[in-house]
Colleague: 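Quick one: the structure is below, questions incoming.
Both backbone and side-chain heavy atoms feed into the values below; hydrogens, waters and symmetry mates do not. For clarity, every value in this text was computed on a predicted model and none was experimentally measured. To find a chain, count down the sequence lines: A is the first, B the second, and so on, and within it residues start at 1.
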2 protein chains.
Amino acid sequence: MATQNQELKKVGLKVTLPRVKILQMFEASDCGHLSAEDIYKALQETGEDVGLATVYRVLTQFEAAGLITKHNFDGGHAIYELASDDHHDHMVNIKTGEVIEFVDSLIEQRQHQIAAEHGLTIVGHSLVLYVKATE
Amino acid sequence: MATQNQELKKVGLKVTLPRVKILQMFEASDCGHLSAEDIYKALQETGEDVGLATVYRVLTQFEAAGLITKHNFDGGHAIYELASDDHHDHMVNIKTGEVIEFVDSLIEQRQHQIAAEHGLTIVGHSLVLYVKATE
DNA sequence: TTTACTGCAAACTGTTTGCAGTAAA
DNA sequence: TTTACTGCAAACAGTTTGCAGTAAA
(Lines give C-alpha, C1' and ligand atoms only; values in the text may rest on other atoms or scores of the structure.)
Protein backbone atom coordinates (compact mmCIF):
# COMPACT_ATOMS: atom_id res chain seq x y z
CA MET A 1 0.00 0.00 0.00
CA ALA A 2 1.29 3.42 -0.92
CA THR A 3 2.95 5.46 1.79
CA GLN A 4 0.70 8.43 1.04
CA ASN A 5 -2.30 6.62 2.49
CA GLN A 6 -0.70 6.30 5.88
CA GLU A 7 0.41 9.90 5.87
CA LEU A 8 -3.10 11.06 5.11
CA LYS A 9 -4.70 8.87 7.76
CA LYS A 10 -2.16 10.00 10.29
CA VAL A 11 -3.29 13.58 9.94
CA GLY A 12 -6.97 12.62 10.00
CA LEU A 13 -7.83 13.11 6.36
CA LYS A 14 -9.81 10.62 4.32
CA VAL A 15 -7.82 8.87 1.61
CA THR A 16 -9.29 10.31 -1.56
CA LEU A 17 -8.03 10.47 -5.10
CA PRO A 18 -7.26 14.20 -5.20
CA ARG A 19 -5.32 14.07 -1.95
CA VAL A 20 -3.27 11.02 -2.89
CA LYS A 21 -2.50 12.40 -6.35
CA ILE A 22 -1.43 15.78 -5.01
CA LEU A 23 0.75 14.28 -2.30
CA GLN A 24 2.35 12.02 -4.91
CA MET A 25 3.09 15.03 -7.08
CA PHE A 26 5.06 16.67 -4.30
CA GLU A 27 7.00 13.52 -3.57
CA ALA A 28 7.68 12.82 -7.23
CA SER A 29 8.71 16.31 -8.30
CA ASP A 30 12.39 16.84 -7.75
CA CYS A 31 12.32 20.60 -7.38
CA GLY A 32 9.24 20.32 -5.22
CA HIS A 33 8.11 23.93 -5.47
CA LEU A 34 4.61 23.91 -6.90
CA SER A 35 1.79 26.41 -7.23
CA ALA A 36 -1.92 25.56 -7.10
CA GLU A 37 -2.08 26.28 -10.80
CA ASP A 38 0.88 23.96 -11.52
CA ILE A 39 -0.85 21.13 -9.71
CA TYR A 40 -4.21 21.79 -11.31
CA LYS A 41 -2.74 21.76 -14.82
CA ALA A 42 -0.66 18.66 -14.19
CA LEU A 43 -3.75 16.80 -12.96
CA GLN A 44 -5.71 17.88 -16.02
CA GLU A 45 -2.95 16.58 -18.26
CA THR A 46 -2.99 13.15 -16.68
CA GLY A 47 -6.74 13.11 -17.23
CA GLU A 48 -7.72 13.47 -13.58
CA ASP A 49 -10.92 15.41 -13.11
CA VAL A 50 -10.01 17.52 -10.07
CA GLY A 51 -11.36 21.03 -9.63
CA LEU A 52 -9.12 24.00 -8.92
CA ALA A 53 -11.11 24.70 -5.76
CA THR A 54 -10.29 21.23 -4.52
CA VAL A 55 -6.60 21.79 -5.19
CA TYR A 56 -6.71 24.91 -3.03
CA ARG A 57 -8.66 23.12 -0.32
CA VAL A 58 -6.27 20.19 -0.25
CA LEU A 59 -3.25 22.48 -0.15
CA THR A 60 -4.76 24.42 2.76
CA GLN A 61 -5.49 21.18 4.62
CA PHE A 62 -2.01 19.82 3.96
CA GLU A 63 -0.51 23.03 5.23
CA ALA A 64 -2.68 22.96 8.37
CA ALA A 65 -1.62 19.35 8.89
CA GLY A 66 2.02 20.30 8.58
CA LEU A 67 2.63 18.16 5.49
CA ILE A 68 3.55 21.11 3.28
CA THR A 69 4.74 24.68 3.63
CA LYS A 70 3.44 27.73 1.82
CA HIS A 71 5.63 30.55 0.49
CA ASN A 72 4.56 33.93 -0.85
CA PHE A 73 7.28 34.87 -3.28
CA ASP A 74 6.92 37.97 -5.41
CA GLY A 75 4.68 37.56 -8.41
CA GLY A 76 1.21 37.02 -7.03
CA HIS A 77 0.71 33.30 -6.65
CA ALA A 78 1.78 31.25 -3.63
CA ILE A 79 4.01 28.22 -3.96
CA TYR A 80 4.11 25.10 -1.81
CA GLU A 81 6.71 22.48 -0.95
CA LEU A 82 6.87 19.36 1.22
CA ALA A 83 7.53 20.30 4.81
CA SER A 84 10.83 19.06 6.14
CA ASP A 85 12.38 19.21 9.57
CA ASP A 86 15.31 21.29 8.53
CA HIS A 87 14.37 24.89 8.07
CA HIS A 88 15.72 26.61 4.98
CA ASP A 89 15.41 29.79 2.98
CA HIS A 90 15.24 30.39 -0.75
CA MET A 91 17.04 32.01 -3.61
CA VAL A 92 14.98 32.62 -6.72
CA ASN A 93 16.84 33.01 -9.98
CA ILE A 94 15.01 35.85 -11.68
CA LYS A 95 16.21 34.81 -15.14
CA THR A 96 15.33 31.14 -14.98
CA GLY A 97 12.73 30.97 -12.22
CA GLU A 98 14.83 28.28 -10.57
CA VAL A 99 14.44 27.99 -6.80
CA ILE A 100 17.49 27.13 -4.71
CA GLU A 101 17.29 26.26 -1.03
CA PHE A 102 19.90 27.24 1.51
CA VAL A 103 20.39 27.14 5.25
CA ASP A 104 22.46 29.51 7.30
CA SER A 105 22.47 29.10 11.04
CA LEU A 106 24.26 32.39 11.51
CA ILE A 107 21.39 34.29 9.88
CA GLU A 108 18.82 32.28 11.84
CA GLN A 109 20.60 33.11 15.05
CA ARG A 110 20.81 36.84 14.31
CA GLN A 111 17.13 36.97 13.47
CA HIS A 112 16.11 35.63 16.86
CA GLN A 113 18.59 37.93 18.54
CA ILE A 114 17.20 40.99 16.77
CA ALA A 115 13.61 40.10 17.62
CA ALA A 116 14.59 39.48 21.23
CA GLU A 117 16.26 42.89 21.42
CA HIS A 118 12.86 44.40 20.64
CA GLY A 119 11.08 42.20 23.18
CA LEU A 120 9.56 40.15 20.37
CA THR A 121 9.32 36.49 19.47
CA ILE A 122 9.53 35.24 15.89
CA VAL A 123 6.39 33.45 14.77
CA GLY A 124 7.42 33.01 11.18
CA HIS A 125 9.78 34.51 8.70
CA SER A 126 10.50 34.77 5.06
CA LEU A 127 13.90 35.31 3.52
CA VAL A 128 14.10 35.28 -0.23
CA LEU A 129 17.11 36.34 -2.25
CA TYR A 130 16.33 37.27 -5.85
CA VAL A 131 19.48 36.44 -7.78
CA LYS A 132 21.03 36.04 -11.20
CA ALA A 133 24.21 34.43 -12.48
CA THR A 134 27.29 36.51 -11.70
CA GLU A 135 28.63 38.06 -14.88
CA MET B 1 6.61 76.42 -2.69
CA ALA B 2 6.30 72.93 -1.31
CA THR B 3 9.19 70.54 -1.86
CA GLN B 4 6.85 67.90 -3.29
CA ASN B 5 6.32 69.96 -6.43
CA GLN B 6 10.00 69.87 -7.31
CA GLU B 7 10.25 66.17 -6.61
CA LEU B 8 7.33 65.48 -8.92
CA LYS B 9 8.65 67.67 -11.70
CA LYS B 10 12.07 66.11 -11.38
CA VAL B 11 10.64 62.69 -12.22
CA GLY B 12 8.53 64.09 -15.04
CA LEU B 13 5.08 63.93 -13.48
CA LYS B 14 2.58 66.76 -13.58
CA VAL B 15 1.93 68.42 -10.27
CA THR B 16 -1.59 67.40 -9.45
CA LEU B 17 -3.56 67.32 -6.25
CA PRO B 18 -3.63 63.54 -5.78
CA ARG B 19 0.10 63.24 -6.33
CA VAL B 20 1.03 66.09 -4.01
CA LYS B 21 -1.32 64.85 -1.28
CA ILE B 22 -0.03 61.29 -1.46
CA LEU B 23 3.59 62.35 -1.42
CA GLN B 24 2.84 64.56 1.59
CA MET B 25 1.24 61.64 3.39
CA PHE B 26 4.42 59.59 3.07
CA GLU B 27 6.58 62.45 4.28
CA ALA B 28 4.25 63.33 7.12
CA SER B 29 3.58 59.82 8.42
CA ASP B 30 6.21 58.83 10.95
CA CYS B 31 6.04 55.09 10.46
CA GLY B 32 5.78 55.57 6.71
CA HIS B 33 4.42 52.14 5.84
CA LEU B 34 1.17 52.67 3.99
CA SER B 35 -1.12 50.53 1.88
CA ALA B 36 -3.21 51.82 -1.01
CA GLU B 37 -6.27 51.35 1.16
CA ASP B 38 -4.70 53.37 4.02
CA ILE B 39 -4.01 56.26 1.67
CA TYR B 40 -7.42 56.11 0.07
CA LYS B 41 -9.22 56.18 3.42
CA ALA B 42 -7.06 58.98 4.77
CA LEU B 43 -7.79 61.09 1.71
CA GLN B 44 -11.51 60.46 2.07
CA GLU B 45 -11.37 61.58 5.68
CA THR B 46 -9.73 64.87 4.81
CA GLY B 47 -12.50 65.38 2.26
CA GLU B 48 -10.32 64.88 -0.81
CA ASP B 49 -12.18 63.29 -3.67
CA VAL B 50 -9.53 60.90 -4.99
CA GLY B 51 -10.46 57.54 -6.46
CA LEU B 52 -8.87 54.30 -5.33
CA ALA B 53 -7.75 53.61 -8.89
CA THR B 54 -5.84 56.87 -8.90
CA VAL B 55 -4.13 55.96 -5.65
CA TYR B 56 -2.92 52.73 -7.23
CA ARG B 57 -1.83 54.54 -10.38
CA VAL B 58 0.08 57.16 -8.43
CA LEU B 59 1.77 54.53 -6.27
CA THR B 60 2.83 52.61 -9.35
CA GLN B 61 4.23 55.76 -10.94
CA PHE B 62 6.05 56.75 -7.77
CA GLU B 63 7.58 53.32 -7.56
CA ALA B 64 8.68 53.43 -11.18
CA ALA B 65 10.19 56.86 -10.51
CA GLY B 66 12.09 55.50 -7.53
CA LEU B 67 10.33 57.74 -5.02
CA ILE B 68 8.84 54.87 -3.06
CA THR B 69 9.41 51.16 -2.51
CA LYS B 70 6.82 48.39 -2.56
CA HIS B 71 6.76 45.42 -0.20
CA ASN B 72 4.68 42.28 -0.49
CA PHE B 73 4.23 41.14 3.07
CA ASP B 74 1.94 38.25 3.89
CA GLY B 75 -1.71 39.09 4.13
CA GLY B 76 -2.70 40.10 0.67
CA HIS B 77 -2.18 43.81 0.28
CA ALA B 78 1.10 45.49 -0.63
CA ILE B 79 2.57 48.28 1.46
CA TYR B 80 4.72 51.18 0.34
CA GLU B 81 7.31 53.42 1.98
CA LEU B 82 9.49 56.33 0.91
CA ALA B 83 12.60 55.06 -0.82
CA SER B 84 15.76 55.76 1.14
CA ASP B 85 19.42 55.09 0.51
CA ASP B 86 19.95 52.96 3.58
CA HIS B 87 18.73 49.44 3.08
CA HIS B 88 16.71 47.85 5.87
CA ASP B 89 14.52 44.85 6.56
CA HIS B 90 11.19 44.52 8.37
CA MET B 91 9.51 42.89 11.31
CA VAL B 92 5.73 42.71 11.16
CA ASN B 93 3.83 42.34 14.41
CA ILE B 94 1.12 39.84 13.54
CA LYS B 95 -1.11 40.96 16.41
CA THR B 96 -1.01 44.70 15.81
CA GLY B 97 0.06 44.99 12.19
CA GLU B 98 2.87 47.31 13.28
CA VAL B 99 5.92 47.37 11.05
CA ILE B 100 9.38 47.77 12.57
CA GLU B 101 12.49 48.41 10.50
CA PHE B 102 15.87 46.99 11.30
CA VAL B 103 19.29 46.78 9.76
CA ASP B 104 21.83 44.07 10.33
CA SER B 105 25.07 44.20 8.46
CA LEU B 106 25.99 40.69 9.55
CA ILE B 107 22.93 39.26 7.83
CA GLU B 108 23.50 41.41 4.75
CA GLN B 109 27.07 40.19 4.55
CA ARG B 110 26.11 36.53 4.87
CA GLN B 111 23.49 36.87 2.16
CA HIS B 112 26.02 38.10 -0.37
CA GLN B 113 28.47 35.46 0.72
CA ILE B 114 25.90 32.68 0.26
CA ALA B 115 24.88 33.92 -3.18
CA ALA B 116 28.53 34.21 -4.18
CA GLU B 117 29.16 30.62 -3.07
CA HIS B 118 26.60 29.55 -5.66
CA GLY B 119 28.10 31.80 -8.34
CA LEU B 120 25.15 34.17 -8.06
CA THR B 121 24.64 37.87 -7.55
CA ILE B 122 21.82 39.31 -5.46
CA VAL B 123 19.46 41.49 -7.45
CA GLY B 124 16.97 42.05 -4.69
CA HIS B 125 15.89 40.42 -1.50
CA SER B 126 13.12 40.32 1.01
CA LEU B 127 13.56 39.50 4.67
CA VAL B 128 10.49 39.74 6.83
CA LEU B 129 10.21 38.49 10.40
CA TYR B 130 6.65 37.89 11.55
CA VAL B 131 6.67 38.51 15.29
CA LYS B 132 4.56 38.95 18.40
CA ALA B 133 5.25 40.28 21.87
CA THR B 134 7.23 37.81 23.95
CA GLU B 135 4.99 36.33 26.64
C1' DT C 1 -4.98 74.26 -26.84
C1' DT C 2 -2.82 70.17 -26.12
C1' DT C 3 -1.86 66.33 -23.66
C1' DA C 4 -1.44 64.17 -19.30
C1' DC C 5 -4.27 63.00 -15.60
C1' DT C 6 -8.60 61.71 -13.19
C1' DG C 7 -12.95 59.27 -11.43
C1' DC C 8 -15.93 55.77 -12.35
C1' DA C 9 -17.25 51.30 -13.31
C1' DA C 10 -16.13 47.22 -15.24
C1' DA C 11 -12.50 43.63 -15.81
C1' DC C 12 -8.97 40.59 -13.97
C1' DT C 13 -6.11 37.34 -10.96
C1' DG C 14 -5.52 34.45 -7.25
C1' DT C 15 -8.14 32.40 -3.77
C1' DT C 16 -12.33 31.12 -0.89
C1' DT C 17 -17.04 29.57 -0.04
C1' DG C 18 -22.13 27.80 -0.41
C1' DC C 19 -24.43 24.17 -2.05
C1' DA C 20 -26.22 19.86 -3.63
C1' DG C 21 -24.34 15.60 -5.02
C1' DT C 22 -20.73 11.63 -4.20
C1' DA C 23 -17.77 8.57 -2.12
C1' DA C 24 -14.85 6.95 1.98
C1' DA C 25 -15.42 4.73 6.42
C1' DT D 1 -25.46 4.77 6.76
C1' DT D 2 -23.10 8.57 8.15
C1' DT D 3 -20.20 12.14 7.49
C1' DA D 4 -16.37 13.98 5.12
C1' DC D 5 -15.22 15.31 0.69
C1' DT D 6 -15.95 16.97 -4.10
C1' DG D 7 -17.02 19.86 -8.40
C1' DC D 8 -19.20 23.69 -9.89
C1' DA D 9 -20.31 28.32 -10.03
C1' DA D 10 -20.64 32.30 -7.68
C1' DA D 11 -18.28 35.42 -4.32
C1' DC D 12 -14.31 37.57 -2.79
C1' DA D 13 -10.05 40.94 -2.06
C1' DG D 14 -6.62 43.45 -4.10
C1' DT D 15 -5.33 45.53 -8.17
C1' DT D 16 -5.58 47.06 -13.14
C1' DT D 17 -7.69 49.08 -17.19
C1' DG D 18 -10.96 51.44 -20.83
C1' DC D 19 -13.23 55.41 -21.37
C1' DA D 20 -15.09 60.00 -21.49
C1' DG D 21 -14.46 64.09 -18.95
C1' DT D 22 -11.07 67.56 -16.50
C1' DA D 23 -7.26 70.14 -15.44
C1' DA D 24 -2.05 71.17 -15.75
C1' DA D 25 1.21 73.13 -18.97
Colleague: Between L59(B) (CG) and dT16(D) (C1'), how many Å, whole number?
Modeller: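 So the two atoms are 13 Å apart, to the nearest Å.
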
Colleague: On DNA chain D, nearest-nucleotide positions of Y80(B) versus L13(B): which is more 5'?
Modeller: Y80(B)

Colleague: dC5(D) P sits how many Å from L8(A) CG, rounded?
Modeller: 10 Å

Colleague: Would you classify L17(B) as touching base, sugar-phosphate or nothing, given that sugar-phosphate means primed atoms plus P, OP1 and OP2, and contacts are heavy atoms under 4.0 Å?
Modeller: nothing

Colleague: Whole angstroms only, please: what is the CD1-C1' distance between I39(A) and dG14(C)?
Modeller: 14 Å

Colleague: Out of dT15(D), dA24(D), dA25(C), which has the shortest distance to the side chain of K14(B)?
Modeller: dA24(D)

Colleague: Please determine whether a side-chain nitrogen or oxygen atom of Y56(A) lies at a distance below 4.0 Å from atom OP1 or OP2 of dT16(C).
Modeller: no

Colleague: Taking the minimum atom-to-atom distance to the side chain of A53(B), which one of dA25(D), dA25(C), dC8(C) wins?
Modeller: dC8(C)

Colleague: Please determine whether the number of non-hydrogen atoms from other residues, nucleotides or ligands lying under 6.0 Å from atom CG of D85(B) exceeds 12.
Modeller: no

Colleague: Do H87(B) and H125(B) have ring centroids that are under 6.0 Å from one another?
Modeller: yes

Colleague: Work out which heavy atom in A36(B) is nearest to a heavy atom in L52(B); give both atom names and the distance.
Modeller: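 Here A36(B) and L52(B) meet closest at O-CD1, 4.2 Å.
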
Colleague: Under 4.0 Å between a side-chain N or O of R19(B) and OP1 or OP2 of dT6(C)?
Modeller: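 R19(B) to dT6(C) OP1/OP2: side-chain N or O found under 4.0 Å.
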
Colleague: Provide, to the nearest angstrom, the distance between the CG atom belonging to N72(B) and the P atom belonging to dT13(C).
Modeller: 18 Å

Colleague: Roughly how far, to the nearest 0.5 Å, is the CG atom of D49(B) from the CD atom of Q44(B)?
Modeller: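 Taking CD in Q44(B) and CG in D49(B), the distance rounds to 7.5 Å.
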
Colleague: Without decimals, in angstroms, what is the distance between D38(B) CG and dT15(D) P?
Modeller: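 Between P of dT15(D) and CG of D38(B): 11 Å.
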
Colleague: Determine, for K21(B) against E48(B), whether the closest basic-nitrogen to carboxylate-oxygen distance falls under 4.0 angstrom.
Modeller: yes

Colleague: Between dC8(C), dT15(D), dA25(C), which nucleotide gets closest to the side-chain atoms of A78(B)?
Modeller: dT15(D)

Colleague: Minimum heavy-atom separation for A115(B) and I122(B), please, with both atom names.
Modeller: CB-CG1, 3.7 Å

Colleague: Compare the minimum distances between each of dT6(C), dT15(D), dC8(D) and the side chain of R57(B), then state the nucleotide with the smallest one.
Modeller: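 Within the option list, the nearest is dT6(C).
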
Colleague: Could you check whether the rings of H71(B) and H90(B) sit parallel, tilted or perpendicular, using 30° and 60° as the cut-offs?
Modeller: perpendicular

Colleague: List the steps and the verdict of side-chain contact (heavy atoms from CB on, under 4.5 Å) for L59(A) and I39(A).
Modeller: CA-CA 10 Å; L59(A) 288 174; I39(A) 293 169; 3.9 Å; yes

Colleague: Please report, rounded to the nearest Å, how far the P atom of dT15(D) is from the OH atom of Y40(B).
Modeller: 14 Å

Colleague: For DNA chain C, which ranges pair as stems of 3 or more consecutive Watson-Crick or G-U pairs, with both donor-acceptor distances under 3.5 Å?
Modeller: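 The stems that DNA chain C takes part in, listed by first number, are C:1-25 with D:1-25.
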
Colleague: What nucleotide, of dT6(D), dT15(C), dC8(D), holds the atom closest to the side chain of H77(A)?
Modeller: dT15(C)

Colleague: Using the closest heavy atom to pick a nucleotide of DNA chain D for each, name whichever of T16(B) or E37(B) lands nearer the 5' end.
Modeller: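 By nearest-heavy-atom nucleotide position, the 5'-most residue is E37(B).
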
Colleague: Take atom CG of L43(A) and atom C1' of dT6(D), then tell me their distance rounded to the nearest Å.
Modeller: 14 Å

Colleague: Taking atom C1' of dA23(C) as reference, at what distance in whole Å does atom NZ of K21(A) sit?
Modeller: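 For the pair K21(A) NZ and dA23(C) C1', the rounded distance is 17 Å.
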
